[in-house]
Amino acid sequence: MNEALKIRLMTLLLKLLGALCVVVVLIYAIKHFGTQYAQEQIDARLKESSLNEFVHYEEIHFNPLTLTPSLEQVTLGAKSAPWLRLARVSFNHYPLFQPDLDIDFWIAESPVAELSRDSARIMRTLGLETLLGKGHFSSTKNEDHLASYLALDIKDLGRIVWDSQTQLTKPNESISTMRTDLLASLALGQPEAMLILYGEHVAFEEVRIRYQENGMIEHLLLASDMANYSDNDLNYLIQAASETLGLAPLGSPEAQQIAETFLAFIKQPESLTLTMKPDQALDLKNITLLLGDKNLYQQANMQLSLD
């Protein structure tokens with residue numbers, strides 16, 4: 001190898017190393033300043049919405065390749081006994097507070113004793129001693145319509161998917177503010193506050209809720225003496241529950257259809273779907289009124305079915 005060729009190879013190698021150093025420095029800079037900017041924006045938003053007392057996180061990671069942040073070790077509610085602990089919340093696009101939202105989240109393994117009394121009560125009802133799971137949430141706004149999707153997988157319980165089309169009667173309403181109010185109402189244990197704030201502003205055009213069984217029915221049967229009841233007794237109890245929830249009056253064809261479908265699901269638990277598609281969009285206020293009249297199932301064109 002002659003001397004000129006050696007010099008050219010060395011020069012090329014140095015240029016490659018120099019370019020690599022520039023790339024590394026650039027990635028580090030993007031990560032550093034991206035993390036700083038994301039933290040400033042998140043902290044400002046939490047403080048502005050008064051959620052800084054209810055939403056806590058330990059650190060922020062910023063992906064310099066996708067330009068998206070993630071929050072680590074998030075607690076919702078009181079630090080000592082939160083109603084939910086998340087190992088990570090990852091935003092799938094940036095910036096954070098546009099009307100559209102797309103996040104993945106992982107529920108940290110949480111023994112019942114480490115969560116709030118409300119969360120513990122729900123877990124014990126479902127026969128869970130430890131909460132662990134993951135989920136995905138996306139929400140897209142198009143003029144006065146909002147499409148929302150939530151998929152939630154809970155270990156030893158099952159998978160729940162919520163898919164809805166919502167009409168906003170006040171199109172200029174801030175979606176970010178609405179989400180903040182929802183989170184605050186849940187953190188405070190006062191979800192009914194959403195009815196006061198948005199009862200006439202949010203109307204559902206279509207809702208689909210699908211549940212895939214992975215332990216919940218077994219836990220419920222073990223936690224009660226339902227397994228010893230006859231089909232007639234269970235049919236009556238389910239119809240009575242439908243009336244209590246405001247779906248349909250006891251003895252009505254709608255309550256009977258709910259009971260028969262749920263009984264079939266108990267005997268062969270796989271997946272169960274509840275749909276709601278009213279003739280015209282139903283706002284939260286009218287849904288509440290129909291629940292009070294124990295007539296939501298019929299008036300909202302609801303249907304419970306096995307998949």
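For clarity, every value in this text was computed on a predicted model and none was experimentally measured.
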Linked, directly or transitively: Leu157 and Val161 (ILVMFWY side chains, under 4.5 Å) = no

remark   = Closest non-hydrogen contact found for Ala203 with Ala281 is CB-CB, 3.7 Å

ask   = In this structure, are over 12 heavy atoms from other groups packed under 6.0 Å from Glu59 atom CD?
value = yes

request  = Taking Lys267 for its side chain and Pro269 for its backbone only, find out whether a donor-acceptor pair lies under 3.5 Å.
outcome  = no

query = Quick check: does any side chain N or O of Ser252 sit under 3.5 Å from a backbone N or O of Ala248, one acting as donor and the other as acceptor?
reply = no

key: Minimum-distance pair of heavy atoms, taken over all atoms of Lys134 and Trp106   = CB-CD1, 3.8 Å

request  = Test Asp163 against Arg210 for salt bridge (charged side-chain N to carboxylate O under 4.0 Å, His left out), laying out the working first.
outcome  = CA-CA 9 Å; Asp163 196 351; Arg210 186 170 187 263; over 6 Å; no

Tyr236 side chain reached by Leu250 side chain, heavy atoms, under 4.5 Å = yes

ask   = Are Val112 and Leu132 connected, step by step, through hydrophobic side chains (Ile, Leu, Val, Met, Phe, Trp, Tyr) whose heavy atoms are closer than 4.5 Å?
value = no

query = Around atom CD of Gln280, are there more than 12 heavy atoms of other residues, nucleotides or ligands at under 6.0 Å?
reply = no

Would you list the atom pairs, donor with acceptor, under 3.5 Å between side chains in residues 147-156 and any protein atom, with sequence neighbours excluded?
residue: Asp153; atom: OD1; partner: Arg159; partner atom: NH1; Å: 3.3
residue: Asp153; atom: OD2; partner: Arg159; partner atom: NH1; Å: 2.6

query = Is there a donor in the side chain of Gln256 and an acceptor in the side chain of Glu254, or the other way round, less than 3.5 Å apart?
reply = no

ask   = Considering only heavy atoms from C-beta outward, does the side chain of Ser242 approach that of Ile258 to under 4.5 Å?
value = yes

ask   = Can you tell if the side chain of Met123 reaches within under 4.5 Å of the side chain of Leu131, non-hydrogen atoms only?
value = yes

OG-CG distance between Ser164 and Leu146, expressed to the nearest 0.5 angstrom = 7.0 Å

message = Using the rule that Ile, Leu, Val, Met, Phe, Trp and Tyr join whenever any side-chain heavy atoms are under 4.5 Å apart, tell me whether Ile238 and Phe265 fall into a single cluster.
response = yes

query = What are the two closest non-hydrogen atoms of Thr261 and Leu306, and how far apart are they?
reply = O-CD2, 3.9 Å

ask   = Which pair of non-hydrogen atoms, one from Ala255 and one from Pro249, has the smallest distance, and what is that distance?
value = CB-O, 3.3 Å

ask   = Do the side chain of Ser119 and the main chain of Trp83 share a donor and acceptor less than 3.5 angstrom apart?
value = yes

ask   = If you measure from the Lys or Arg side-chain nitrogens to the Asp or Glu carboxylate oxygens, is any gap between Glu200 and Lys285 under 4.0 Å?
value = yes

ask   = About how many Å separate CG of Asp283 and CG of Leu289, when rounded to the nearest 0.5 Å?
value = 8.5 Å

request  = Please tell me if the side chains of Phe91 and Asp102 come closer than 4.5 Å, counting only heavy atoms from C-beta onward.
outcome  = no

key: Neighbour count >12 (heavy atoms, 6.0 Å) for atom CD, Glu72   = yes

inquiry  = How long is the straight-line distance from CG of Asn295 back to CD of Gln298, given to the nearest 0.5 Å?
reply    = 5.0 Å

key: Shortest non-hydrogen separation from Asn214 to Gly158 and the atoms involved   = CB-CA, 3.6 Å

inquiry  = If I take atom CG from residue Leu304 and atom OG1 from residue Thr273, how far apart are they, to the nearest 0.5 angstrom?
reply    = 8.0 Å

request  = Working to the nearest 0.5 Å, report the span between CG of Leu128 and OG of Ser110.
outcome  = 11.5 Å

ask   = Do Gln239 and Glu243 have side-chain atoms, one donor and one acceptor, less than 3.5 Å apart?
value = no

message = For Met216, is there any backbone N or O sitting under 3.5 Å from a side-chain donor or acceptor partner on Glu213?
response = yes

request  = May I ask you to test the Ile160-Ile209 pair for a side-chain heavy-atom distance under 4.5 Å?
outcome  = yes

message = I'd like to know if the side chain of Arg208 pairs up with that of Thr275 as donor and acceptor (distance under 3.5 Å, no hydrogens or angles considered).
response = no

message = Any donor-acceptor pair under 3.5 Å linking the side-chain atoms of Asn235 with those of Asn232?
response = no

Distance-only polar pair, side chains of His145 and Glu205, donor-acceptor under 3.5 Å = yes

key: Salt-bridge present (Asp104, Arg88; N to O < 4.0 Å)   = no

inquiry  = Contact between Leu71 and Val74 at the side-chain level, heavy atoms closer than 4.5 Å - yes or no?
reply    = yes

ask   = When rounded to the nearest 0.5 angstrom, what is the spacing between CD1 in Ile103 and CG in Leu86?
value = 8.5 Å

ask   = Would you say Leu274 and Tyr297 make side-chain contact, with heavy atoms under 4.5 Å?
value = yes

message = Can you confirm whether Ile287 sits close enough to Phe204 that some side-chain heavy atom of one is under 4.5 Å from a side-chain heavy atom of the other?
response = yes

key: Residues forming a side chain to side chain contact (heavy atoms under 4.5 Å, CB included) with Ala300, sequence neighbours excluded   = Met276, Leu282, Leu296, Met302

